[in-house]
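Atoms considered below: every heavy atom in the structure, side chains included; atoms not considered: hydrogens, waters and symmetry mates. Convention: sequence-line order gives letters A, B, ...; per-chain numbering from 1. Not measured: the values here are computed from a predicted model.
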Amino acid sequence: MRLVTWNVNSIGARLDRVLAWCEEHQPDLIGIQELKCTDDAFPHDAFSHLGYISYTHGTGRWNGVALLAKSSVRDVTKNLNAQPLYEDTTEPRAIACTFKDVRVWNLYVPNGREPGHEHFAYKLEWLKSLKETIHAELNEYKQLVVMGDFNIAPTDDDVWDIKDFENSTHVTVEERNALAKVLQLGLVDVMPRSLKGKPFTFWDYRALMFQKAMGMRIDLVLATDTFKSRIQDIWIDREERKLKGGSDHAPVVVDFE
DNA sequence: ATGGCCGACGAAGTCGGA
């Protein structure tokens, strides 16, 4: 079976690429982030032609997450338990489902903008609510995966050069501690295999960052030990990031069972 | 040392991304 997480940076702008990728790589379940479209505007038909049922959670211009499955799934959940608001709205950043015997959470963690920003405090609150949600889920599910764009580089090795990250988000002690609290519930950050170079999942569009190998590992797959033991391979499709008209994030592919 | 791109919205320029 094949499970994938991918921040597509607008499903509207990326539709042809995402369809082509799915056709070539045949994920059984793919979680995508940053839809930038409403549930109504989501291209359900285009995916159903490829055999996917799409479960979407999007409200428009920003954010948005979806799960696309080759077979029907159960217990679709949107939002975290007691998810904090941002500017009085519950943003569409979390969706979960039960796929066969595996519980899968697909996340788009808030960016944080800069340390000290209101959005940074929101990011930490959001991660706290993620911890509480996953804590509750672990009572029910042993085969659990929490994946998506975490907007956190877990260690200094997960960025091209930590010296370039002074006063930056994604690498602060606060963010890493908030992630560590989720892991302490009984999950492991499963390290993906890179097809070339360091196992980065994101390269900024600007300044030839991809060509200079200046990336970050911020798209993560967290798994319980019982699910991790079923993983045969986990790898980053950097080839997709190379292509013209691609997302700035690469798909992370989990082959299991 | 700095900035360098891209997408949505909407029709120019601003915001968000990380």
Side-chain angles (χ1 to χ4, degrees), chain A residues 5-19 21 32-43 56-66 85-94 106-124 126-127 147-176 178-179 198-220 236 238 240-252:
Chain A
T5 174
W6 189 11
N7 178 325
V8 299
N9 184 16
S10 171
I11 192 61
R14 212 70 57 215
L15 182 59
D16 290 347
R17 286 245 44 87
V18 178
L19 290 170
W21 194 91
I32 59 178
Q33 305 96 35
E34 225 177 328
L35 303 183
K36 295 185 176 174
C37 81
T38 60
D39 291 332
D40 287 343
F42 189 87
T56 67
H57 185 27
T59 53
R61 186 167 178 183
W62 289 299
N63 317 312
V65 287
L85 306 180
Y86 189 69
E87 294 178 343
D88 301 322
T89 63
T90 300
E91 297 181 320
R93 294 179 174 275
N106 176 39
L107 309 175
Y108 180 41
V109 177
N111 170 292
R113 311 243 169 103
E114 54 192 50
H117 195 284
E118 185 186 359
H119 206 258
F120 188 81
Y122 166 59
K123 180 178 192 174
L124 297 179
W126 201 94
L127 289 163
M147 65 181 196
D149 179 356
F150 279 73
N151 274 319
I152 300 172
T155 75
D156 290 355
D157 287 334
D158 295 311
V159 297
W160 71 87
D161 186 350
I162 193 64
K163 291 195 288 294
D164 287 350
F165 283 78
E166 211 170 318
N167 300 319
S168 296
T169 56
H170 296 61
V171 298
T172 66
V173 171
E174 292 96 324
E175 290 161 282
R176 287 177 175 172
L179 173 63
K198 292 183 180 176
F200 296 144
T201 64
F202 164 86
W203 297 261
D204 198 298
Y205 284 125
R206 286 171 289 191
L208 300 173
M209 298 284 263
F210 181 75
Q211 290 79 354
K212 294 185 205 161
M214 294 166 77
M216 305 168 75
R217 186 175 71 92
I218 53 176
D219 300 272
L220 309 179
I236 302 158
R238 75 191 299 285
E240 172 63 29
R241 177 63 181 79
K242 276 186 190 172
L243 299 176
K244 197 152 186 71
S247 171
D248 43 3
H249 294 251
V252 181

Is there side-chain contact between A/Thr201 and A/Ile218, with at least one heavy-atom pair below 4.5 Å? yes
One character per nucleotide, please: for nucleotides 8-18 of chain B, 5' to 3', B when the base has a protein heavy atom closer than 4.0 Å, S when only the sugar-phosphate does, - otherwise. BS-----BSBB
B/dG13 and B/dT2, which share atom name C1', separated by this distance in whole Å: 23 Å
To the nearest Å, how far apart are A/Leu15 CG and B/dG7 C1'? 15 Å
Atom-to-atom span, CD of A/Glu166 to C1' of B/dT2 - whole angstrom: 16 Å
Inter-nucleotide C1' distance (B/dG7, B/dA12), Å rounded: 15 Å
Remember a base hit wins even if backbone is also touched, and classify A/Lys212 as base, sugar-phosphate or nothing at under 4.0 Å, heavy atoms. base
Partner of A/Gln33 under side-chain hydrogen bond (donor to acceptor under 3.5 Å, both in side chains), chosen from A/Asn7, A/Asn106, A/Asn63, A/Asn9: A/Asn106
Rounding to the closest angstrom, what is the interatomic distance between B/dA1 and B/dA11 at atom P? 42 Å
With sequence neighbours excluded, tell me which residues meet side chain to side chain donor-acceptor pair (under 3.5 Å) with A/Asp164. A/Trp160
Taking everything shown except A/Lys163 itself, do over 12 heavy atoms lie less than 6.0 Å from its NZ? no
Residues in salt bridge (Lys or Arg N to Asp or Glu O under 4.0 Å) contact with A/Arg17, at least two apart in sequence or another chain: A/Glu240
Verify the neighbour count for atom CD of A/Gln211: are there more than 12 heavy atoms of other residues, nucleotides or ligands below 6.0 Å? yes
Would you measure the distance from the P atom in B/dG10 across to the matching atom in B/dC15 and give it in whole Å? 15 Å
By nearest heavy atom, map A/Gly245 and A/Ala207 onto DNA chain B; which one lands nearer the 5' end? A/Ala207
Interatomic distance where CG belongs to A/Leu208 and P belongs to B/dC5 [whole Å]: 9 Å
d(CZ, A/Phe210; C1', B/dC6) in whole Å: 16 Å
